[in-house]
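Structure first, commentary second.
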Amino acid sequence: MDRRRVEEAVMKGLMKAATLLIVGVLGLIMLTIFVRGIRAMSWSMLTQTPKGGFYLGREGGILNAIVGSFYVAGGATGLAFAAAVPVVLYLNVFCRRGSRTAAAIRFLLDVLWGVPSIVFGAFGFLLMLAVGLRASLLGGIFTVSLFVLPILCRAMDEVVRMIPSDLLESSYALGATRLQTAVRVVLRQASAGILTAVLIAFGRGIGDAASVLFTAGYSDQIPQSLTRPAATLPLAIFFQLGTPFPQVQDRAYAAALILTILVLATSLLSRWLGRRLTRHSIP
Amino acid sequence: MGLSNRTKRSLLYDRAAAGLMGVMTRFSGLIVVVIAAGLFWKSVPILKNQSLFSLLFSSEWYPLRGQFGFLPFIMGSLWVTGTAMILAVPPCLLTAIYLAEYAPRGIREGVRPLIDLLAGIPSVIYGVWGVLVVVPWVKRAAGWFGYSTSGYCVLSAGIVLAVMIFPVIIHMTVEIVRAVPQEIREASLSLGATQWQTIKKVVLRKAFGGVLAAIVLGLSRAFGETMAVLMVAGNAVRSPAGFLDPAYPLPALIANNYGEMMSIPLYDSAMMLACLILLGVVLVFNILAKLVLIRIQKEIQ
């Protein structure tokens, strides 16, 4: 064998080793979370709110955080969706092809996507102080909606962009205005893809801790109104892991398993929907 | 004009919608500017009180005495991010090249979605793994070499961050490498080059800018990451002197203290400045990487 073949074989071996290493490490993480989580999981974790002495290891569960997370992530995704639909339709229907404004907005949204969530959290808290709002469900929803807005906009934009321009032109030819085309043709054609984007945004929103740290607060009760603080799963994990009691730390592992399953399920569902979408596309 | 009332109404709605949606779109693009302006506005009190130079390069962190030197936190961020990059870049590049160039279809289509799926796992989960596995392991491994550490240190944070940015770097690098046109590979192979020579001398040269952009995006993700780092870095207000020292990166500082120490004068302004520094660094990295990627996209089209 000449030198180049040896080099090729060595590099190929290294690459395979690196791939194995990375897949192995990621697998190890999932294994750790599942094994430790299942050991600590119980029915009452899912169905009860914390009782007295919960943080010393007594009875109760984390239903408050599960429901709180759904409220915060669901509310935030809804709010961001309401803001993202006009943006995406404007970029794709009202802006001309190759429009500089559209390119600039897409660029700025991408930049916003890269902003660390702790910065969103601090900025959200800043706005809440300015309007006199305390840490609450509403504050959390608002801040997380800022965080998921660029994700939702760009994910929806990618789908809507794929719609062939012939479809829009047929609609115009029938005398429809841009608004009618946007609502009745574009939104309908992209509906499955839009649902995928919404699920992606929800999965991001439910898992993020830094943006709700200052803004949503924490509470042992399930929030009854928008102005009450709400517990969230990531913070439940973080706080319980920070206690010195092994029983409470075990609950953090159970909470971590619940959160992981929720995020993975959301992600798999969005993938499955995404595949269905391509099956129905126009050739 | 013989337009019916209905048509006139439709056109009116259309124009109104165009105006309203245009305003909303422009506003959503400006959010990032508004955030930067808000943070800057809140940082003004501390910038007036202390020079920017002493804020950035002083290690005197005594909030009660009104001394805010960010150097320990900046150094903490640099150490942790640097460690993560050293650990993440080589295996990520090797994996990405393998997946893009060598891997049989079956492996590629199995591994890539798996890695993408893991990109969505929340950072607090990586933090739990760090506390459960990485911290005890680093403590034990350090013991073998005769060092003592609590395990909550730069190295642990670097390992956790490196694992977190695996999916980011791999996903982008695979896309970039696969976007290199097939013809230039064939040209090289037909001249008698081996596959690795082709990758090294042709494909990677062509993809260099994009791969660099992918690494920079991973870097900026690591720099701004909060929860996982907060859980494993040790959080001691001191510039780390080695991989086994505890570090206190900027995001951890903000997460631990903002919103609580409001009674100390200038403290909230100092936290806002910390956010502004974080945002500034991440924005610069992101914008540079994006500009490179946009140029590449244009080249391909």
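Each chain gets a letter, A, B and so on, in the order its sequence line appears, and its residues count up from 1.
Ranking B/I170, B/T25, B/L94 against chain A, the residue ahead of the rest is B/T25, based on heavy-atom pairs under 4.5 Å. Most heavy-atom pairs under 4.5 Å with chain B: of the set A/T266, A/I118, A/I105, this distinction falls to A/I118. Per-residue heavy-atom pair counts under 4.5 Å with chain A were compared for B/V32, B/V163, B/T194, and the maximum is reached by B/T194. Note on A/T32, A/L91, A/V93: by heavy-atom pairs under 4.5 Å with chain B, the leading option is A/T32. Heavy-atom pairs under 4.5 Å with chain B peak, among A/I33, A/T177, A/T101, at A/T177. When the candidates A/I22, A/L108, A/L233, A/D208 are compared by the number of heavy-atom contacts under 4.5 Å with chain B, A/I22 comes out ahead. Between chain B and the options A/R4, A/K16, A/R36, heavy-atom pairs under 4.5 Å are most frequent for A/R4. The candidate from A/M15, A/R271, A/K12 with the greatest count of non-hydrogen atom pairs under 4.5 Å with chain B is A/M15.
Both the backbone and the side chain of B/Y13 come within contact range of chain A, each with at least one heavy atom under 4.5 Å from a heavy atom of that chain. At a 4.5 Å heavy-atom cutoff, the contact between B/L118 and chain A is made by side-chain atoms alone. Heavy-atom distances place both the backbone and the side chain of B/P113 under 4.5 Å from chain A. No part of B/L93 comes within reach of chain A, as not one of its non-hydrogen atoms sits under 4.5 angstrom from that chain. With a 4.5 angstrom heavy-atom cutoff, B/S10 touches chain A via backbone and side-chain atoms both. In this structure, chain A has a heavy atom under 4.5 Å from the side chain of B/Y126, while its backbone stays farther away. For B/N286, the part lying under 4.5 angstrom from a heavy atom of chain A is the side chain only. For A/L213, the part lying under 4.5 angstrom from a heavy atom of chain B is the side chain only. Heavy-atom distances place no part of B/R221 under 4.5 Å from chain A, backbone and side chain included. Residue B/L217 does not touch chain A at all, counting heavy-atom pairs closer than 4.5 Å. For a residue to count as touching a neighbouring chain, one of its non-hydrogen atoms must lie under 4.5 Å from one of that chain's; by this rule A/L126 touches chain B with backbone and side chain alike. Only the side chain of B/M227 comes within contact range of chain A, judged by heavy atoms closer than 4.5 Å. Within the 4.5 angstrom heavy-atom criterion, only side-chain atoms of B/V111, from C-beta onward, approach chain A. Both the backbone and the side chain of A/I29 have a heavy atom closer than 4.5 Å to some heavy atom of chain B. B/I254 touches chain A through backbone and side chain together, each having a heavy atom under 4.5 Å away. Looking at B/M271, neither its backbone nor its side chain comes within 4.5 Å of chain A, counting heavy atoms on both sides. For A/R204, the part lying near chain B is the side chain, with the backbone staying farther off; criterion is any non-hydrogen pair under 4.5 Å.
Note that the CG atom of A/L112 and the CD1 atom of B/I35 stand 5.5 Å from one another [nearest 0.5 Å]. Taken from CZ in A/F123 to NZ in B/K42, the straight-line distance is 11.5 Å, to the nearest 0.5 Å. Note that OH of A/Y253 and CG of B/L132 are 4.0 Å apart. Values are rounded to the nearest 0.5 Å. Going from atom CG of A/L26 over to atom CD1 of B/I121 covers 9.5 Å, rounded to the nearest 0.5 Å. Here the CZ atom belonging to A/F107 is positioned 5.0 Å from the CD1 atom belonging to B/I287, to the nearest 0.5 angstrom.
B/V124 is not listed as a side-chain neighbour of A/L241, based on a closest heavy-atom distance of 4.5 Å or more.
Residue pairs meeting the salt bridge (charged side-chain N to carboxylate O under 4.0 Å, His left out) criterion with at least one member in residues 92-104 of chain B, sequence neighbours excluded: B/E101-B/R185. Note on residues 276-294 of chain B: pairs passing salt bridge (charged side-chain N to carboxylate O under 4.0 Å, His left out), not counting sequence neighbours, are A/D110-B/K290.
A distance-only check finds a donor-acceptor pair linking the side chain of A/E8 to the backbone of B/Q195 [under 3.5 Å].
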